[in-house]
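I have placed the structure first, in the form of structure tokens, so that the comments after it can refer back to it.
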There are 2 protein chains.
Amino acid sequence: MGNPSMADVARAAGVSAQTVSRVFRESPNVSPDTRRRVLAAVDELGYRFNNAARTLSSGRSRTIGLVLLQSGGYYSRSAVTAGVEAAAGEAGYAVSIATIAALDTGLMERSLSKLADQGVEGIVIAVPLIFATPRMEDITRDIPTVTLDGSRTAGASVLGIDQREAGRVATQHLLDLGHRQVWHVSGPDEWIEARQRRQGWQDCLTAAGIEPPPPLEGDWSPESGYRQGQIVAMIPDVTAIFAASDEMAFGVVRALRERGRAVPDDVSIVGVDDIALAAYCSPPLTTVRQDFYRFGAAAVGLLLEGAGAADSLVPASLSVRDSTAPPRGH
Amino acid sequence: MGNPSMADVARAAGVSAQTVSRVFRESPNVSPDTRRRVLAAVDELGYRFNNAARTLSSGRSRTIGLVLLQSGGYYSRSAVTAGVEAAAGEAGYAVSIATIAALDTGLMERSLSKLADQGVEGIVIAVPLIFATPRMEDITRDIPTVTLDGSRTAGASVLGIDQREAGRVATQHLLDLGHRQVWHVSGPDEWIEARQRRQGWQDCLTAAGIEPPPPLEGDWSPESGYRQGQIVAMIPDVTAIFAASDEMAFGVVRALRERGRAVPDDVSIVGVDDIALAAYCSPPLTTVRQDFYRFGAAAVGLLLEGAGAADSLVPASLSVRDSTAPPRGH
DNA sequence: GTTATAGATGTCATCGATAACATCTATGCT
DNA sequence: AGCATAGATGTTATCGATGACATCTATAAC
């Protein structure tokens, strides 16, 4: 009845089940003729490999887990995801996803548990994980884990894009144009990316002998950028703003314009992400781009090769467009 | 050595493995006291459930597969994905993803195979699947499958958002404003969504006694919208355009403006998706919104309940903003 | 001509949970 | 008291592939 098993294939091909197994695992020690016969039988019976059985007997599931935040709003995460999937697929691994609805420790623990139950051989955590609970560490102790953050989980490799670099590059660009002060609309404080970008901005200003103004915190969304933009617009003398994401940047632009501040004539703005629309909205946005796709792929590489936790630094490149200019009268 | 198994837990709790199993499956026939003892043992031993073993012995993997297109560019798909994940998670199902790099029959077959090997109990196909090959049908014959398309696979349920409605709503809005003709920048022809939206546009025009102009085909990206926009900008008398996605719409806007055509004063534009940026870019875009998240969730519901292939129609609502206006001198 | 040796193949126990079936209490009812 | 019945628990075989080990050729080396 049920689906044919290796034993059935073996019978049909006149060999042992073990040989069929060898054919599937591409063991070198199978004669071409036998292989052909086996494959023919597979085809004829419509045999389908049973991954659960392999996992059980071999202890290897050939699956990696990916922890995501449910709200898809945040751009770079989805690029990371694509990279993870691609790299995993290429290495013959399946990807099982666990999304968490919010940044909550309990939800995180549950997601990790679920993945562990599935026997994943590695976990990529693509949400900001500020602190790890003992239970999380219990799980990640047994499973190679990469967190795409600067955060530390005991035993978890950490692959960090140095987001400070992004903040530094953006801020320096504005300073180079002649601006004397740069304001910052940051991402939510729970996000390491947000904190790092803010740090980069701060460092850059400090290095230039400028006292950083208080940062304004958004939530990555255009709406939040708009709200913070309304505040900035009420402050005189603001000529340059670094927004931690393109979406927020456009929100800021809108708020400024509504208050009669032109971009880039009155105020220059730099974003981060280089989303597809950055070049096509108005004004085309100057923004910092980083290769998150490759980053995701790197995470998988780190996982599967078990290489040491090399904190890889993905370079940040600036796409200069029309949202930045020298300050008036410069 | 290895991880503790149910047998180990059973020994520690002084019960049989079967009872431990019952505790996990929340069988009603376990005394509260026994349950407590078992859970205590689980905790003490750090026992972790082995999903592969369950799958093998019960034949149920509690996993569903999701087929995606690798390029994350297309908005509504990611919303669908979120819906699928959420609904599956709620029902206690894991989600395994298989991404395909391009719309290619071979890649599709391989992805389906991979999911089938994993023993998924259902498959959600979230890429346009124009035609099904015999091999695909072989696979989907045994596994409940929902395609989020109008496409037909023998035996696969089809959950269709009626995208024609989106096209109709957008076009009608423009006609209502007084425009005498509406041009269309469509998505790629391989995408059912693209074809349906185009159909809706066509139908609407025809119903109004207007002969539809030739549609211009984009690829959902802002770039493609820009290219097609450049062409439209060279045609005199164009006063209204319906773009099949918001990103393309903004590309069109840019091209028009560069050629001195103001939006909405000279040309009105409607998009589809209502992406977060739609309200914050310039001009705020009039667009058609559909609840793709719910759509994804519905797909999972259909899969798990095995209900008949109810072609559910998600209503399309129009968000009127500033990219549309009556034609000049109206 | 023999002995090494690698290659091709087979046998059998095993991974861990579960389905199916068997027992063994309590409790209620006549 | 005697029996039916539901609830709680234990036993055993089983899912399908694989690891470890055994066997059996050919060919190479001496």
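Residue numbering restarts at 1 for every chain, and letters A, B, ... go by the order of the sequence lines. Owing to the predicted nature of the structure, the values given are computational and were not obtained by experimental measurement.
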(message) Nearest to the A/Thr19 side chain among D/dT9, C/dT9, D/dA17, which nucleotide is it?
(response)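 Closest of the options to the side chain of A/Thr19: C/dT9.
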N or O in side chain of [X] less than 4.0 angstrom from [N] OP1/OP2:
| X | N | result |
| --- | --- | --- |
| A/Ser57 | D/dT18 | no |
| A/Ser31 | C/dT9 | yes |
| B/Thr55 | C/dA17 | no |
| B/Ser58 | C/dT18 | no |
| A/Asn50 | D/dG16 | no |

(message) To check you understand the geometry: which heavy-atom pair defines the closest contact between B/Ser61 and B/Gln118, and what is its length?
(response)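 That closest heavy-atom pairing would be CB-O, 4.3 Å.
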Checking the side chain of [X] only, and the main-chain atoms of [Y] only, is there a donor and an acceptor separated by less than 3.5 Å?
| X | Y | value |
| --- | --- | --- |
| A/Thr133 | A/Met136 | yes |
| B/Thr19 | B/Val15 | no |
| B/Gln163 | B/Glu193 | no |

Specify the separation, in whole Å, of atom [atom1] of [X] and atom [atom2] of [N].
| X | N | atom1 | atom2 | answer |
| --- | --- | --- | --- | --- |
| A/Arg54 | D/dC15 | CZ | C1' | 17 Å |
| B/Asn29 | C/dT25 | CG | C1' | 13 Å |
| B/Arg36 | D/dT9 | CZ | P | 12 Å |
| A/Asn3 | D/dC15 | CG | P | 13 Å |
| B/Met6 | C/dT14 | CE | C1' | 18 Å |
| A/Gln18 | C/dA8 | CD | C1' | 12 Å |
| B/Asn51 | C/dG16 | CG | C1' | 11 Å |
| A/Asp117 | C/dG16 | CG | C1' | 13 Å |

(request) Answer yes or no: is there a side-chain heavy-atom contact under 4.5 Å between B/Ile100 and B/Leu68? (result)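 A side-chain contact is absent here, since even the closest heavy-atom pair is not under 4.5 Å.
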(message) For a quick check, tell me whether the side chain of A/Arg25 and the base of D/dG19 share a donor-acceptor pair closer than 3.5 Å.
(response)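 It does not, because no donor-acceptor pair links the side chain of A/Arg25 to the base of D/dG19 below 3.5 Å.
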(request) Classify the side chain of A/Arg22 versus the base of C/dG10 as yes if they form a donor-acceptor pair under 3.5 Å and no if they do not. (result)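 Side chain to base: pair found, below 3.5 Å.
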(message) Go through it in stages, so that I can follow the logic: the residues are A/Lys114 and A/Asp117, the test is salt bridge (charged side-chain N to carboxylate O under 4.0 Å, His left out), and I'd like the CA-CA distance, side-chain angles, deciding distance and then a yes or no.
(response) CA-CA 5 Å; A/Lys114 227 168 113 179; A/Asp117 289 353; over 6 Å; no
(message) Report for the helix from C/dG1-D/dC30 to C/dT30-D/dA1: angle between first-end and last-end helix axes, five pairs each, rounded to 10 degrees.
(response)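 Its terminal axes enclose an angle near 30°.
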(message) For B/Trp220 and B/Trp191, take the angle between the two ring planes, folded into 0 to 90°, and tell me which bin it lands in: parallel under 30, tilted 30 to 60, perpendicular over 60.
(response)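 It falls in the perpendicular class, over 60°.
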(message) Return whichever of A/Ser21 or B/Arg35 has its heavy-atom-nearest nucleotide of DNA chain D closer to the 5' end.
(response)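 In this pair, the answer is B/Arg35.
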(message) Pick the closest DNA chain D nucleotide for B/Ala53 and for B/Thr34 by heavy atoms, then say which residue is nearer the 5' end.
(response)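 Per heavy-atom nearest nucleotide, the more 5' residue is B/Thr34.
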(request) Could you check whether B/Val20 gets within reach of a base, just the sugar-phosphate, or nothing at all, counting any heavy atom under 4.0 Å? (result)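 B/Val20: no heavy atom of the nucleic acid under 4.0 Å.
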(message) Within the 4.0 Å heavy-atom criterion, would you say B/Phe24 contacts the bases, only the backbone, or no part of the nucleic acid?
(response)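 Nothing, no heavy atom under 4.0 Å.
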(request) Tell me, with the steps shown, if A/Arg60 and A/Glu121 meet salt bridge (charged side-chain N to carboxylate O under 4.0 Å, His left out). (result) CA-CA 7 Å; A/Arg60 309 208 43 203; A/Glu121 290 179 38; 2.8 Å; yes
